[in-house]
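See below for the structure under consideration.
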Amino acid sequence: MRRPGPRGHKKLKKSFGSSSVQALLEVTSVVRGERDLKSALASIVGTVAEALEFETVVLNLYRREFDDFCVTDVYGSKDARDALLGSTYDWVAWRHLLTEEFRRGGAFLIPHGSFDWSADVGKRYVPKVEASDVPDAWHPEDELFVPLEDSEGRMLAIFSVGEPRSGRRPNDAELEVLCALAAHAAIAIETAQQAERTARHRASLEQLLEVSSTLTAAQSTQSILETVCRGIHTALGFQKVSIELVDTETGLLRSRASSGWAADDPAVLRAVPFDPMRGLFDPQFAVSGCYLVPREAAQERIDVEHIRYSSQRNGRGPHAWNHHWLLVPLYDRSGDEMGFIWADDPEDRLIPSAERLQALRVFANQATTAVYAAEQFEQMRFLADHDPLTNLLNRRSFVQHLDAEVARSRRHERPLALVIFDLDELKTVNDTHGHAAGDEAIKRVADTLRSTIRTGDNAFRIGGDEFAVIVAEANEHDAAAAAQRIADALQSSASFGVAVCSGDCEAGTLLREADDAMYRMKRRRRAEALRASGGNDLSVVV
């Protein structure tokens with residue numbers, strides 16, 4: 001692993017000694033002065049080496065995401081740095097070394113010949129120097145390790161120190177000083193790591209606040225959902241995010257917006273039933289309003305055919321993300337679940353902290369509120385242009401569309417037709433069966449229009465029982481045929497009028513001509529009293 005030895009015969013001298021207090025002061029200054037983790041680690045390693053006169057000091061930093069140790073800093077020769085820097089070692093390898101057999105106070109000293117290194121799977125650096133035959137001399141294959149723990153007794157790192165300039169193995173007093181320095185170094189590392197986490201959390205919250213401020217300005221529900229996905233991706237560090245909402249008609253979950261997946265990825269294209277997913281909303285997995293479900297528990301609750309994605313950014317050990325499921329339920333106005341936010345593949349490969357999940361929950365709540373506001377705005381905007389009973393475009397929209405289509409017809413010298421009609425028997429239906437029946441008759445007419453008009457044509461309800469269809473690029477024959485299709489599909493009698501725009505016609509003129517044609521038909525029908533209820537037996541008037 002990190003295996004230094006002496007550079008040759010040296011005059012033995014007393015190490016540490018009067019430098020102990022100075023060493024403590026120097027490491028303490030690092031604790032107080034450094035807040036950046038990378039700088040703190042480099043400063044700690046250098047300070048320990050210089051203050052306690054070791055030629056080589058190696059820091060093996062514990063990685064929570066992989067439950068292993070990585071050599072992040074090496075103070076020593078180029079050979080030592082080249083051999084060890086970046087090397088990683090599983091906890092298993094260390095457990096063979098940090099045993100009571102080798103314990104010396106808070107350190108672990110493994111003399112040459114007391115451990116079989118052939119079974120060790122980690123890299124090892126042994127200086128190519130001759131061993132001294134002086135009693136208590138440091139041997140090139142001696143090892144000295146000092147664990148560093150945080151304030152709650154959790155492993156932070158392990159110091160590997162070697163090649164004492166005294167040429168001697170340290171005695172108990174010297175090891176006590178080394179362990180004291182290690183304790184101060186642990187404080188520095190813990191402080192720097194905490195500062196880094198705090199800064200990252202603060203930056204995440206600032207990003208979320210910035211994203212939240214844009215939600216109210218979003219123009220549509222879809223744009224809000226897409227903004228939420230991007231916000232969770234960038235601010236909270238999840239590489240995959242999807243917002244899954246229930247289709248009220250089918251009961252299936254569908255991805256309404258996503259980040260990190262391609263648009264054609266099956267993970268966001270394939271719909272799955274919502275009910276099995278509800279099994280993940282188990283109180284035992286609840287954290288800060290989210291549900292964090294381990295892989296095994298999720299597999300017990302969800303059939304394999306409903307699993308659309310397998311996490312890619314997994315780690316190892318008790319702190320690592322390992323195919324977990326992270327869901328944030330979304331609720332409608334009545335408090336029922338309407339779907340969830342699905343986050344996966346954390347960038348740091350770690351199970352998210354409670355603070356991070358709390359931020360995710362708060363952001364989800366803000367997003368839901370913004371969606372409600374957007375839906376209300378969209379409904380108001382829809383009602384401004386649509387008839388609330390039939391959901392057809394209304395008279396206001398009709399006037400705007402007719403003006404625009406007439407202008408386009410003149411500009412491109414293409415024909416344009418207008419079909420209008422009203423229901424002959426609506427008053428009778430209202431008087432006989434009530435206005436609810438009349439409303440149903442009007443809605444059936446709207447459904448008929450939607451199913452019979454061409455794609456690109458627009459249908460309108462422009463009065464109580466009066467409807468209009470703008471038929472683009474249609475001559476008199478085309479328009480009459482369109483009117484006849486509508487008449488054939490209706491289940492009630494109606495009077496039609498058709499007008500065709502050509503040359504430099506005006507919108508008002510086109511409407512008046514169609515209206516006049518409709519009333520001519522209506523007058524003829526009234527005159528033919530015996531045929532007043534003749535259903536679809538009609539002639540289209542142009």
Does [Y] offer a backbone N or O that forms a donor-acceptor pair with the side chain of [X] under 3.5 Å?
X	Y	answer
Arg361	Cys290	no
Asp303	Glu305	no
Arg485	Ile453	no
Ser288	Ala354	yes
Ser409	Arg414	yes
Arg64	Leu350	no
Arg202	Ser204	no
Thr227	Ser223	yes
His324	Asn322	yes
Glu355	His201	no

Would you check if [X] and [Y] make a side-chain contact, meaning some heavy-atom pair closer than 4.5 Å?
X	Y	value
Asp73	Ile44	no
Leu245	Leu225	yes
Leu330	Ile243	yes
Val58	Phe145	no
Asp387	Phe460	no
Trp342	Ser255	no
Leu326	Phe238	yes
Arg154	Tyr62	no

Pair Leu449, Val469 - check side chain to side chain contact (heavy atoms under 4.5 Å, CB included), show working.
CA-CA 9 Å; Leu449 285 175; Val469 179; 3.9 Å; yes
Picking from Phe340, Phe281, Trp325, what satisfies ring pair (Phe, Tyr, Trp, His ring centres under 6.0 Å) with Tyr291?
Phe281
So how far is it from [X] [atom1] to [Y] [atom2], rounded to the nearest 0.5 Å?
X	Y	atom1	atom2	value
Asn391	Arg461	CG	CZ	11.0 Å
Thr88	Lys123	OG1	NZ	8.5 Å
Ser43	Lys38	OG	NZ	12.0 Å
Ile307	Arg270	CD1	CZ	9.5 Å
Thr72	Leu61	OG1	CG	5.0 Å
Leu84	Tyr89	CG	OH	5.0 Å

Partner residues of Glu65 under the side chain to side chain donor-acceptor pair (under 3.5 Å) criterion, sequence neighbours left out
none
Heavy-atom closest contact ([X] atom, [Y] atom, distance):
X	Y	value
Ala507	Asp403	CB-OD1, 3.2 Å
Arg254	Ala271	NH1-CB, 3.5 Å
Ile486	Thr452	CG1-OG1, 3.9 Å
His323	Asn314	N-OD1, 2.7 Å
Leu236	Ala359	CD2-CB, 4.3 Å
Pro147	Leu98	CG-CD1, 4.4 Å

Taking it one step at a time, do Arg200 and Asp348 satisfy salt bridge (charged side-chain N to carboxylate O under 4.0 Å, His left out)?
CA-CA 12 Å; Arg200 189 163 53 245; Asp348 59 8; 5.4 Å; no
Partners of Asp275 by salt bridge (Lys or Arg N to Asp or Glu O under 4.0 Å), sequence neighbours excluded?
Arg278
Those residues that, when tested against Asp332, pass salt bridge (Lys or Arg N to Asp or Glu O under 4.0 Å) (two or more places apart):
none
Do [X] and [Y] have side-chain N/O donor and acceptor atoms under 3.5 Å apart?
X	Y	value
Asp345	Tyr309	yes
Trp261	Ser242	no
Ser397	His386	no
Gln194	Arg197	yes
Ser77	Asp79	no

[Y]/[X] salt bridge by N-O under 4.0 Å criterion:
X	Y	result
Glu473	Arg454	no
Arg316	Asp67	no
Lys240	Asp265	no
Arg444	Asp447	no

From Asn60, Leu181, Leu144, Val146, residue fulfilling side chain to side chain contact (heavy atoms under 4.5 Å, CB included) relative to Phe159
Val146
In terms of heavy-atom contacts, does CD of Gln312 have more than 12 from other residues, nucleotides or ligands at under 6.0 Å?
yes
Check the pair Arg230, Val211 against side chain to side chain contact (heavy atoms under 4.5 Å, CB included), reporting the backbone distance first and the verdict last.
CA-CA 9 Å; Arg230 289 194 299 269; Val211 173; over 6 Å; no
Working note: Ile351 + His319, criterion side chain to side chain contact (heavy atoms under 4.5 Å, CB included); need CA distance, chi angles, decisive distance, verdict.
CA-CA 6 Å; Ile351 295 172; His319 311 294; 5.9 Å; no
For side chain to side chain contact (heavy atoms under 4.5 Å, CB included), just list the numbers for Phe363 and Ile232, CA-CA rounded to whole Å, side-chain angles, deciding distance to a tenth of an Å, and then say yes or no.
CA-CA 8 Å; Phe363 187 54; Ile232 295 173; 3.7 Å; yes
